[in-house]
Amino acid sequence: MNFEEAKKLYAKHGINVDEVLESLSKVKISLHCWQGDDVRGFLNRDQELTGGISVTGNYPGAARTAEELRQDLDKALSMIPGTHKVNLHAIYADTEEKVTWDKLEPKHYTPWVKWAKEKGLGLDFNPTCFSHDLSADGFTLSHADPEIRKFWVEHCKASRKIGAYFGQELGQPCVTNVWIPDGFKDIPVDRLAPRVRLKESLDEIFAEELNPAHNLDAVESKVFGLGSEAYVVGSHEFYMGYAVQKEKLLCLDAGHFHPTEVISNKLSSVSMFTPGILLHVSRPIRWDSDHVVIMDDELMDIARELERHNLYSTTHIGLDFFDASINRIAAWVIGARNTIKAILRAKLEPVELLKKVELEKDYTTRLALVEEFKSYPFGAIWDHYCEKMGVPVREEWLEQVKTYEKDVLLKR
């Protein structure tokens, strides 16, 4: 009854709720596997986290094997409406073989592909340019030592081929995203040379043409990190220029900019000059602190920009946070459900009417409608959508997580 009454209210403004829900069901969110085990991976679990990455907390039940991680992802996905993707880092290879990172092959990820096929999921991928002996001094693709640089170039080449394998096997493109931690703690004398080396490395990595139906390349910037507070080689300006020139996806991470910057304000501009965008939806508290996504103003503004400019066909939405102070499965569920819920709210706004009154310079009506729609009964629509998609309604999912924690996580 609540759903039917809500539909009537939205219909007054020309919004067909059934069509909205149909379009929402086609939006894919890429769940980041590293939330499930605190970015440890399986290739070198004893290696200390480096690259400015820090995970705080010791909540019980972190996945210790690929099988446990897939089990946890299954549980999380059962509480998230829609059919989505999972994002892997290279260190999550599922293999008994001892392999160096520059020699990784698709065969080292076949259990992941088999699982994804069974579940109807897509897979995304990332080379892992951190937490390795050859990244210990804070440099990888821009390293001054050509041998170390070559190792990371070969690792990224291998990662692209793995991504293409994912895309071919699963029938949907894999987004392979390159992020490196390279930078200086204090002010460098030469800002240019590392960037020249980085460009040369990227040119070599991307030299081989891969079928875009299977693999899409993305590059990701950062403003600073722990250990690179003064200078990051792969800055926003560097990667935006590179993405435009080389026609790559540009990754915009919500936590990778100055505290007063927001990525929502960048989407319309970036969409004009790049073939597409990769979003890392996160929640910075101070720097890139990667907190669980909540439905705050920035998340809503990101969703509105996607909807108002119809950017879904060229934008790939992924989550990126890691919190070991709370139940890790709950973190996935909260973040993903909030992201989908924000997109729903954006789809339930009268976009064409708002554009019309703006063009007519009726800014009073524009402001009034934007504000009034914030209290429209989107919750009734969301509840119906969850029920329709066969996932728990409202906070019912939390009881399932608590039961799983008792029966599975606490026994690890």
Side-chain angles (χ1 to χ4, degrees), residues 26-32 84-90 122-129 141 153 155-168 170-180 198-199 201-223 232-257 262-282 288 302-303 305-306 309-320 339 343:
K26 298 175 182 177
V27 175
K28 292 180 182 291
I29 307 297
S30 192
L31 263 67
H32 54 311
H84 301 288
K85 302 178 82 177
V86 169
N87 193 4
L88 300 177
H89 251 282
L123 291 176
D124 292 323
F125 200 64
N126 311 262
T128 304
C129 298
L141 293 179
V153 166
H155 173 60
C156 291
K157 284 182 179 180
S159 296
R160 292 185 74 226
K161 291 180 180 178
I162 292 164
Y165 160 69
F166 288 170
Q168 185 173 16
L170 299 174
Q172 52 185 302
C174 169
V175 178
T176 302
N177 180 48
V178 175
W179 172 80
I180 61 172
L198 175 55
K199 182 179 183 302
S201 294
L202 292 172
D203 289 347
E204 185 176 349
I205 290 164
F206 297 133
E208 181 179 355
E209 293 287 336
L210 298 177
N211 188 340
H214 301 154
N215 180 79
L216 296 171
D217 299 309
V219 289
E220 179 180 2
S221 69
K222 196 169 187 177
V223 65
V232 169
V233 181
S235 65
H236 175 61
E237 293 78 11
F238 175 91
Y239 278 129
M240 184 166 182
Y242 193 88
V244 170
Q245 185 183 69
K246 303 294 184 177
E247 297 187 323
K248 303 298 180 185
L249 302 184
L250 183 65
C251 178
L252 298 176
D253 187 303
H256 283 194
F257 294 89
V262 290
I263 65 172
S264 57
N265 198 35
K266 303 179 187 296
L267 293 176
S268 57
S269 296
V270 170
S271 70
M272 295 172 63
F273 302 105
T274 65
I277 299 168
L278 170 62
L279 291 181
H280 275 185
V281 182
S282 184
D288 180 29
I302 290 170
E305 286 295 292
L306 294 176
H309 311 309
N310 194 26
L311 298 179
Y312 295 106
S313 63
T314 56
T315 302
H316 306 266
I317 307 169
L319 303 182
D320 187 8
T339 302
I343 293 170

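Listed by chain and number, the residues in a salt bridge (Lys or Arg N to Asp or Glu O under 4.0 Å) with D124 are K85 (sequence neighbours excluded). Remark: Y165 engages no residue in a ring-ring contact (aromatic ring centres under 6.0 Å, His included) (not counting sequence neighbours). Take Y239 and apply the ring-ring contact (aromatic ring centres under 6.0 Å, His included) test, not counting sequence neighbours, and it matches no residue. Applying the side-chain contact (heavy atoms from CB on, under 4.5 Å) test to N265 and every residue at least two apart in sequence or in another chain returns V262. E208 is linked by a side-chain contact (heavy atoms from CB on, under 4.5 Å) to R160, K161, L210, counting only residues two or more places apart in sequence or in another chain. For the side-chain hydrogen bond (donor to acceptor under 3.5 Å, both in side chains) test, residues two or more places apart in sequence or in another chain that qualify with S264 are E298. Residues that satisfy the ring-ring contact (aromatic ring centres under 6.0 Å, His included) test with H214, not counting sequence neighbours, are absent from this structure. Under the salt bridge (Lys or Arg N to Asp or Glu O under 4.0 Å) criterion, E204 pairs with K157, not counting sequence neighbours. Under the rule for a side-chain hydrogen bond (donor to acceptor under 3.5 Å, both in side chains), the partners of S282 that lie at least two apart in sequence or sit in another chain are D290. Under the salt bridge (Lys or Arg N to Asp or Glu O under 4.0 Å) criterion, K28 pairs with no residue, sequence neighbours left out.
Proximity of F206 to K248: side-chain heavy atoms (C-beta onward) are separated by under 4.5 Å at one or more points. Looking only at side-chain heavy atoms (C-beta outward), W179 and N126 stay at 4.5 Å or farther from each other. Residues T176 and F166 fail the side-chain proximity criterion, which asks for heavy atoms closer than 4.5 Å. Residues C174 and L123 fail the side-chain proximity criterion, which asks for heavy atoms closer than 4.5 Å. Counting only heavy atoms from C-beta outward, the side chains of D217 and N215 approach each other to under 4.5 Å. In this structure, the side chains of D203 and K246 come closer than 4.5 Å at one or more pairs of heavy atoms. I205 has its side chain within reach of L141: a pair of non-hydrogen atoms, C-beta onward, lies under 4.5 Å apart. E220 has its side chain out of reach of L278: every pair of non-hydrogen atoms, C-beta onward, lies at least 4.5 Å apart.
Sorted by first and then second residue, the pairs that involve residues 263-282 and meet salt bridge (charged side-chain N to carboxylate O under 4.0 Å, His left out), not counting sequence neighbours, are E261-K266.
A donor atom on one side chain and an acceptor atom on the other are not found under 3.5 Å apart for H309 and S268.
Between N87 and F125, the closest heavy-atom pair is OD1-N, 3.4 Å. Taking each heavy atom of L252 and I263 in turn, the nearest pair found is O-CD1, 3.7 Å. The shortest non-hydrogen separation linking A243 to V219 is CB-CG2, 4.3 Å. In plain terms, the two heavy atoms of G234 and F238 that are nearest each other are CA-CD2, 4.4 Å.
Atom CG of N177 is separated from atom CG of L216 by 11.5 Å, given to the nearest 0.5 angstrom. With rounding to the nearest 0.5 Å, the separation of NE2 in H256 from SG in C251 is 7.5 Å.
At distances below 3.5 Å, not a single donor-acceptor pair connects side-chain atoms of H236 with backbone N or O atoms of S221. A distance-only check finds a donor-acceptor pair linking the side chain of H84 to the backbone of I29 [under 3.5 Å].
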* To do: Carefully, step by step, assess S30 and V175 under the rule side chain to side chain contact (heavy atoms under 4.5 Å, CB included).
  => CA-CA 10 Å; S30 192; V175 178; over 6 Å; no
Listed pairs under 3.5 Å, donor-acceptor, residues 311-320 side chains, sequence neighbours left out:
residue: Y312; atom: OH; partner: E307; partner atom: OE1; Å: 3.0
residue: T315; atom: OG1; partner: L311; partner atom: O; Å: 2.8
residue: D320; atom: OD1; partner: W34; partner atom: NE1; Å: 3.0
residue: D320; atom: OD2; partner: H280; partner atom: ND1; Å: 3.4

